[in-house]
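Structure first, commentary second.
Numbers restart at 1 for each chain; the letters A, B, ... are given by sequence-line order, proteins then strands.
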Amino acid sequence: VISINNLIKKAQTGNDKAFLKIFQRFEKDVYRMAFVYVKNSEDALDVVQEVAYQSFKKISTLRQPEKFKSWIFSITIHCAIDLIRKRKNVVNLNTNYEDYMEQGNNDHFADHIPLSITLQDLINNLKEVEKSVVMLKFYHDYTLKDIAELLDIPIGTVKSVLYRSLEKLRGEYLKGDGMNE
Amino acid sequence: MNNKIKEEINKIQIPKALHRRSKIGILKAKSELQGNKKRIPKMLPYVAMIAIFVILIPLGFSQLNNHLQKDQTKSGKVINNKVSQSEINKTLQTYLKTEFTGPDDEFKNAMEKFNKDGDPSLYNEYLEKKYKPIVTGNVFKEIVNANLSAYYLSLAYTSGYQMKPTNILIKKAENNGYNCEVEVEYSKNGKTNKVTVKEYININDEGKISRILVDDDGGLVNILR
């Protein structure tokens with residue numbers, strides 16, 4: 001079994017087959033992440049193609065192969081948001097984080113995930129930045145510190161975004177039939 | 001532990017075309033990379049790598065991280081009307097002019113010194129002088145990583161073109177974004193042509209460029225190769 005680091009080294013010399021092998025491991029995650037932002041399959045596939053294109057073009061600049069996964073997800077988030085802007089399908093492109101500064105200090109976020117949340121809640125009720133943080137935390141199991149690093153924002157802001165997102169999702173649920181936890 | 005979010009996201013069906021689309025993206029990048037290799041001198045890809053070390057070692061990686069973190073914190077705060085519109089326009093004009101003017105003697109000397117002697121100091125000085133005052137720490141980091149600016153200049157230097165912006169249009173978009181259109185005149189061996197490059201640029205609350213997206217370069221990359 002060839003390690004991912006060796007594949008990355010090969011890819012960095014321009015070996016597209018090696019890069020395809022690595023990318024294949026993450027393409028489903030990239031697609032699903034993209035889908036949550038762009039809300040349809042065709043656009044999500046466009047994002048996957050763009051992420052594959054951009055990541056292979058820039059692979060030679062990746063200095064820490066162990067961060068490949070985070071790097072790919074970071075590119076995915078940027079590509080998905082770019083595509084939304086280009087499609088003029090703007091929901092909320094505010095990627096500033098000032099609304100979230102110094103709010104929410106609860107580290108036990110998992111306890112606050114509503115049981116009845118649906119994919120539609122995630123797709124329709126959260127802003128782009130909230131989707132990024134929620135997906136990285138609960139879909140990819142990143143730590144708050146890793147999310148802060150990946151999105152290049154302070155850890156306090158990550159907590160605030162997460163807290164606000166879960167409040168929103170729980171709020172939608174409460175409008176339905178009650179709180180679960 | 002309940003993780004309903006993971007369950008829900010996993011419900012998104014994977015289309016059959018997925019892997020094919022990954023391949024298309026990679027093959028497109030491959031063909032462009034091969035095009036680059038033919039023209040750009042062997043030393044050029046190493047410019048950025050050495051530049052990183054020259055800049056990072058004196059600063060210290062952790063110090064740089066702290067610095068970048070501070071940049072973000074500052075930009076996250078609401079600093080209303082701290083920067084006037086004319087200052088923002090000036091920053092955008094400066095960036096676009098830097099990007100599409102030349103290469104001048106300073107840039108050529110920097111590249112020559114690096115290519116001949118392997119000394120990146122002039123090149124680093126050039127990047128710091130031209131870009132650092134007008135972009136955030138993150139964007140500068142990308143520039144140093146050679147993903148972003150000075151790319152057109154490097155290509156023009158290699159292929160012997162000269163560029164000149166003949167018209168710059170800046171239009172405010174939503175939030176802190178600006179749609180910029182630059183008419184770029186490029187010339188070589190007495191022949192001159194023009195393309196229009198469209199970029200979408202974000203400015204943070206401190207008036208620095210926080211993000212650059214090339215929407216459409218009018219084929220300039222391919223021309224300069």
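Residues Lys137(A) and Ile5(B) fail the side-chain proximity criterion, which asks for heavy atoms closer than 4.5 Å. Counting heavy atoms from C-beta outward, Tyr139(A) and Lys6(B) have side chains that approach closer than 4.5 Å. Between Lys30(B) and Phe19(A), every side-chain heavy-atom pair lies at or beyond the 4.5 Å cut-off.
Here the NZ-CD distance, from Lys57(A) to Glu32(B), works out to 4.0 Å after rounding to the nearest 0.5 Å. Rounding to the nearest 0.5 Å gives a distance of 10.5 Å between CG of Asp16(A) and OG of Ser31(B). To the nearest 0.5 Å, atoms CD (Gln13(B)) and CZ (Phe35(A)) are separated by 9.5 Å. Note that the CD1 atom of Ile123(A) and the CD1 atom of Ile12(B) stand 5.5 Å from one another [nearest 0.5 Å]. Atom CD of Glu8(B) is separated from atom CZ of Phe138(A) by 14.0 Å, given to the nearest 0.5 angstrom.
Across every non-hydrogen atom of Leu18(B) and Leu45(A), the tightest pair is CA-CD2, 3.7 Å. For the residue pair Phe56(A) and Ile26(B), the shortest heavy atom distance occurs at CD2-O, 3.6 Å. Shown here for Ile9(B) and Arg32(A), the closest heavy-atom pair between the two residues is O-CD, 3.3 Å. Residues Ser22(B) and Ala52(A) share a closest heavy-atom pair of O-CB, 3.4 Å.
For the side chain to side chain contact (heavy atoms under 4.5 Å, CB included) criterion with Gln49(A), the lone passing option out of Lys23(B), Arg20(B), Arg21(B) is Arg21(B).
Interface residue Leu20(A): backbone and side-chain heavy atoms are both found under 4.5 Å from chain B. Both the backbone and the side chain of Asn10(B) come within contact range of chain A, judged by heavy atoms closer than 4.5 Å. For Phe23(A), the part lying under 4.5 angstrom from a heavy atom of chain B is the side chain only.
Chain B forms more heavy-atom pairs under 4.5 Å with one residue of Met33(A), Glu50(A), His78(A) than with any other, namely His78(A).
In this structure, Lys28(B) is positioned above the aromatic face of Tyr53(A), its NZ or CZ under 6.0 Å from the six-membered ring centre and within 45° of the axis.
By the 6.0 Å contact criterion, NZ on Lys172(B) is enclosed, its count of non-hydrogen atoms from other residues, nucleotides or ligands being greater than 12.
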